[in-house]
Amino acid sequence: MENKEIGIYVHIPFCKRKCDYCDFISYSNKDSKIEEYVEAVKKEIELQKIKAEITTIYIGGGTPSYIDSKYIKEIVAEIQKKNVSQDAEITIEVNPGTVTLEKLKDYKEVGINRLSIGLQSAQNELLKQIGRIHNYEQFLETYKMARKVGFKNINVDLMLGLPNQRIKD
């Protein structure tokens, strides 16, 4: 029996700095490989013969918001050539400190309709301890920019059980 609906995950393995806790395949200081990687992803999408309806697209990482938004637009545009549902949920992971108003506008323009913001903790000291490049205030700025651009579907990633984290945190 063939699936009638599928979801697609696109991994963007680039980061400004790899977080201390991260076990995902991701690289910092490999910016020279970004364009080549994106071209390979687009070629892979092009080669896929997808008959099922694509109902979800998730762009994760790494830090997808680290790379130039033109690359994200190119990847999504390539997927859009396939059988994508008109009401598909298209998500991108963004991290404070790597996303700008212009990038958010580009994401919205290409059809991304959900953001997953990597806050991890609302305590600046804990953010430093786990190697995050942002602080809580930068998260708030990112959230406000996303709302200003028109994103209504936003989730926030939080981590529990971090060393030195208390229940009240």
Side-chain angles (χ1 to χ4, degrees), residues 1-19 21-120 133-134 139 142-159:
M1 179 182 233
E2 247 184 82
N3 280 342
K4 293 183 177 155
E5 295 180 356
I6 63 168
I8 293 181
Y9 173 78
V10 178
H11 188 72
I12 306 295
F14 302 100
C15 296
K16 185 171 184 172
R17 186 174 88 208
K18 191 160 173 100
C19 298
Y21 60 85
C22 183
D23 281 336
F24 296 103
I25 294 182
S26 60
Y27 308 97
S28 59
N29 302 314
K30 297 273 187 193
D31 292 10
S32 64
K33 299 287 184 188
I34 293 172
E35 188 168 358
E36 180 182 355
Y37 180 82
V38 169
E39 289 303 316
V41 167
K42 288 173 11 189
K43 186 70 173 167
E44 182 67 26
I45 294 164
E46 179 189 333
L47 292 172
Q48 295 305 309
K49 305 216 181 328
I50 301 171
K51 292 187 176 32
E53 182 178 41
I54 300 166
T55 57
T56 61
I57 300 167
Y58 192 95
I59 304 166
T63 309
S65 59
Y66 174 67
I67 70 173
D68 192 307
S69 57
K70 75 177 182 179
Y71 296 125
I72 300 299
K73 288 172 68 173
E74 290 173 9
I75 290 168
V76 174
E78 192 63 43
I79 297 170
Q80 294 281 17
K81 294 176 185 176
K82 305 296 180 181
N83 186 23
V84 178
S85 169
Q86 276 202 288
D87 61 348
E89 182 177 82
I90 306 174
T91 304
I92 188 167
E93 291 179 352
V94 300
N95 284 338
T98 65
V99 72
T100 63
L101 191 62
E102 291 310 309
K103 284 181 178 181
L104 290 169
K105 286 177 181 176
D106 283 347
Y107 301 156
K108 191 87 172 131
E109 178 185 303
V110 80
I112 293 172
N113 52 28
R114 179 173 173 253
L115 295 181
S116 179
I117 304 176
L119 169 58
Q120 313 315 348
I133 64 166
H134 70 274
F139 157 75
T142 297
Y143 178 79
K144 288 174 186 170
M145 281 191 303
R147 297 292 291 168
K148 180 179 179 180
V149 168
F151 283 98
K152 293 181 177 76
N153 193 353
I154 301 171
N155 78 271
V156 178
D157 289 344
L158 292 171
M159 298 177 85

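Sequential numbering from 1 along the given sequence is applied to the chain's residues.
Remark: Y71 engages no residue in a ring-ring contact (aromatic ring centres under 6.0 Å, His included) (not counting sequence neighbours). When the side-chain hydrogen bond (donor to acceptor under 3.5 Å, both in side chains) test is applied to Q80, no partner is found at least two apart in sequence or on another chain. Residues passing the side-chain hydrogen bond (donor to acceptor under 3.5 Å, both in side chains) test with N153 are E89, sequence neighbours excluded. In terms of the side-chain contact (heavy atoms from CB on, under 4.5 Å) criterion, residue partners of N83 (sequence neighbours excluded) are, by chain and number, E53. Under the salt bridge (Lys or Arg N to Asp or Glu O under 4.0 Å) criterion, E35 pairs with no residue, sequence neighbours left out. Listed by chain and number, the residues in a salt bridge (Lys or Arg N to Asp or Glu O under 4.0 Å) with E93 amount to none (sequence neighbours excluded).
Side-chain contact between V156 and F139: present, with at least one pair of heavy atoms (C-beta onward) separated by less than 4.5 Å. Residues I72 and I112 have side chains in contact (heavy-atom distance under 4.5 Å, counting atoms from C-beta outward).
For the pair K30 and F14, the cation does not sit on the ring face, since its NZ or CZ is not both under 6.0 Å from the ring centre and inside 45° of the axis.
Counted within 6.0 Å of CG on N29, heavy atoms from surrounding residues, nucleotides or ligands total 12 or fewer; the atom is thus considered open. More than 12 heavy atoms of other residues, nucleotides or ligands sit less than 6.0 Å from atom CG of L47. Residue K82 places its NZ atom among more than 12 non-hydrogen atoms of other residues, nucleotides or ligands, all under 6.0 Å distant.
Distance check, rounded to the nearest 0.5 Å: OG1 of T142 to CG of N95 gives 8.5 Å.
Side-chain atoms of T55 and S85 include no donor-acceptor pair closer than 3.5 Å.
When atom types are taken as modelled, the side chain of K103 and the backbone of S65 share a donor-acceptor pair closer than 3.5 angstrom.
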